[in-house]
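Just so you know, ligand 1 is whichever comes first in the structure, and atom 1 is the first atom listed for that ligand.
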Amino acid sequence: MNLILLGPPGAGKGTQAQRLVDRLKVPQISTGDLLRAAVREGTDLGKQAKEYMERGELVPDSIVVGMLEERIKADDCTPGCILDGFPRAVSQAEALAGVFSGLGRALDHVVSIEVPEEELVKRLTGRRSCPRCGAMFHVMFSPPKQEGVCDKCGGELITRADDNEETIRNRISVYREQTEPLKKFYQEKGLLRPVDGTGTPQEIEKKIAEVVGQ
Ligand code: AP5
């Protein structure tokens with residue numbers, strides 16, 4: 001199954017992608033994670049992407065699309081994949097359609113996770129993540145057993161550089177302007193599955209399972 005998780009920053013795309021990986025046994029592809037890894041490693045692409053990410057703006061397609069294409073062509077994606085954070089603009093959706101068509105694959109569902117803005121800000125300002133294993137926590141909603149330490153691997157938890165209120169608000173407005181038009185794009189193709197993203201992660205997981213029929 002090939003599935004896109006669409007939604008504003010903090011909607012819970014990463015949280016639900018990890019649950020879907022366990023359920024569907026296909027990999028998660030997060031362009032945000034791929035870009036953050038490139039920034040950490042100091043690659044040329046990472047150096048170019050860093051300033052856009054720090055401002056909460058979209059990284060240019062010339063950097064992101066090639067990165068995504070290379071990942072999607074890897075063998076582990078043959079049975080399908082869960083796209084988290086891609087596409088984020090109509091130009092990217094069109095590029096993705098070309099990649100899938102070249103591989104003889106098709107998109108099955110676009111799950112759009114809907115969450116009100118003030119809830120997004122609360123979720124993102126309290127997020128803590130483990131750069132070593134990717135586990136995610138929230139200081140109030142899902143705190144780690146020991147403050148600042150990952151329950152899964154013992155790594156040190158960090159606050160993402162773009163999780164400050166000013167950048168969060170900018171990321172949300174970039175989403176509204178550039179990414180939200182994708183809902184109409186996919187609705188016209190009969191692929192859009194809107195899901196109420198408020199409630200516990202378990203409740204949302206159940207709603208997603210219903211709309212994707214798994
Ligand atoms: P990216 O890493 O994709 O970030 P994002 O879209 O802003 O989304 P987030 O990761 O912040 O949120 P999420 O929806 O995954 O929520 P999460 O599950 O973590 O992108 C970062 C940057 O990279 C972009 O700004 C851009 O610069 C660049 N970029 C990436 N892809 C790009 C592309 N395709 N093109 C161009 N540029 C690109 O949850 C958030 C918090 O809420 C966590 O603490 C979690 O524990 C908590 N939480 C989750 N669900 C619930 C719940 N139901 N109840 C309570 N708390 C919850």
Return a yes/no value for [X]: is any of its N or O atoms, backbone included, closer than 3.5 angstrom to an N or O of ligand 1?
X: Leu35; answer: no
X: Arg88; answer: yes
X: Gly126; answer: no
X: Thr31; answer: yes
X: Arg171; answer: yes
X: Gly10; answer: yes
X: Gly12; answer: yes
X: Phe86; answer: no
X: His138; answer: no
X: Asp33; answer: no

[X] to [Y] - nearest heavy-atom pair and separation:
X: Leu191; Y: Leu107; answer: CD2-O, 3.7 Å
X: Lys145; Y: Asp151; answer: N-OD1, 2.9 Å
X: Met53; Y: Gly32; answer: CE-O, 4.1 Å
X: Arg36; Y: Ser30; answer: NH2-OG, 4.5 Å

If the threshold is 4.0 Å, N to carboxylate O, is there a salt bridge linking Glu180 and Lys183?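 Salt bridge between Glu180 and Lys183, a charged N being under 4.0 Å from a carboxylate O: yes.
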Do Asp33 and Arg40 meet the salt-bridge criterion of a basic N to acidic O distance under 4.0 Å?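 Result for this pair is no, no salt bridge flagged.
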What atoms of ligand 1 come within less than 4.0 Å of a heavy atom belonging to [X]?
X: Phe141; result: 55 (C), 56 (N)
X: Met136; result: 18 (O), 19 (O)
X: Gln92; result: 33 (C), 34 (N), 35 (N), 36 (C)
X: Thr200; result: 53 (N)
X: Gly14; result: 13 (P), 15 (O), 18 (O)
X: Glu57; result: 26 (C), 27 (O)
X: Ile204; result: 53 (N)
X: Ser142; result: 46 (O)

Point-to-point distance, once rounded to the nearest 0.5 Å, from [atom1] of [X] to [atom2] of [Y]:
X: Glu119; Y: Thr198; atom1: CD; atom2: OG1; value: 7.5 Å
X: Phe86; Y: Asp61; atom1: CZ; atom2: CG; value: 7.0 Å
X: Ile4; Y: Asp84; atom1: CD1; atom2: CG; value: 11.0 Å
X: Leu58; Y: Gln178; atom1: CG; atom2: CD; value: 4.5 Å
X: Leu35; Y: Tyr52; atom1: CG; atom2: OH; value: 12.0 Å
X: Cys77; Y: Ile72; atom1: SG; atom2: CD1; value: 6.5 Å

For [atom], which candidate among [options] holds the nearest heavy atom?
atom: atom 36 (C) of ligand 1; options: Asp61, Val65, Val59, Ile63; value: Val59
atom: atom 40 (C) of ligand 1; options: Arg127, Glu203, Gln178; value: Arg127
atom: atom 50 (N) of ligand 1; options: Met67, Arg123, Met140; value: Arg123

More than 12 heavy atoms of other residues, nucleotides or ligands under 6.0 Å from [atom1] of [X]: is that the case?
X: Glu51; atom1: CD; result: yes
X: Lys207; atom1: NZ; result: yes
X: Gln202; atom1: CD; result: yes

For ligand 1, is [X] a contact, meaning one of its heavy atoms is under 4.0 Å away?
X: Arg160; value: yes
X: Pro8; value: yes
X: Arg36; value: yes
X: Gly199; value: yes
X: Gly7; value: no
X: Tyr175; value: no

Around [atom], find the nearest protein heavy atom and jot down its residue, atom name and distance.
atom: atom 13 (P) of ligand 1; value: Lys13 N, 3.5 Å
atom: atom 23 (O) of ligand 1; value: Met53 CE, 3.4 Å
atom: atom 44 (O) of ligand 1; value: Phe137 O, 2.9 Å

Please, which pairs that meet salt bridge (charged side-chain N to carboxylate O under 4.0 Å, His left out) have at least one residue in residues 4-28, sequence neighbours excluded?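 Sorted result for residues 4-28: Arg19-Glu205, Arg23-Glu205.
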Which of these passes salt bridge (Lys or Arg N to Asp or Glu O under 4.0 Å) with Glu117: Arg169, Arg123, Lys122?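 Answer to the salt bridge (Lys or Arg N to Asp or Glu O under 4.0 Å) test with Glu117 among Arg169, Arg123, Lys122: Arg169.
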Give the cluster check for Phe185 versus Val99: same hydrophobic cluster or not, with ILVMFWY residues linked at side-chain heavy-atom distances below 4.5 Å.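 Linked, Phe185 and Val99 end up in one cluster.
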Please work out whether any backbone atom (N, CA, C, O) or any side-chain heavy atom from C-beta onward of Thr15 is under 4.0 Å from ligand 1, and answer side chain, backbone, both or neither.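 Both backbone and side chain.
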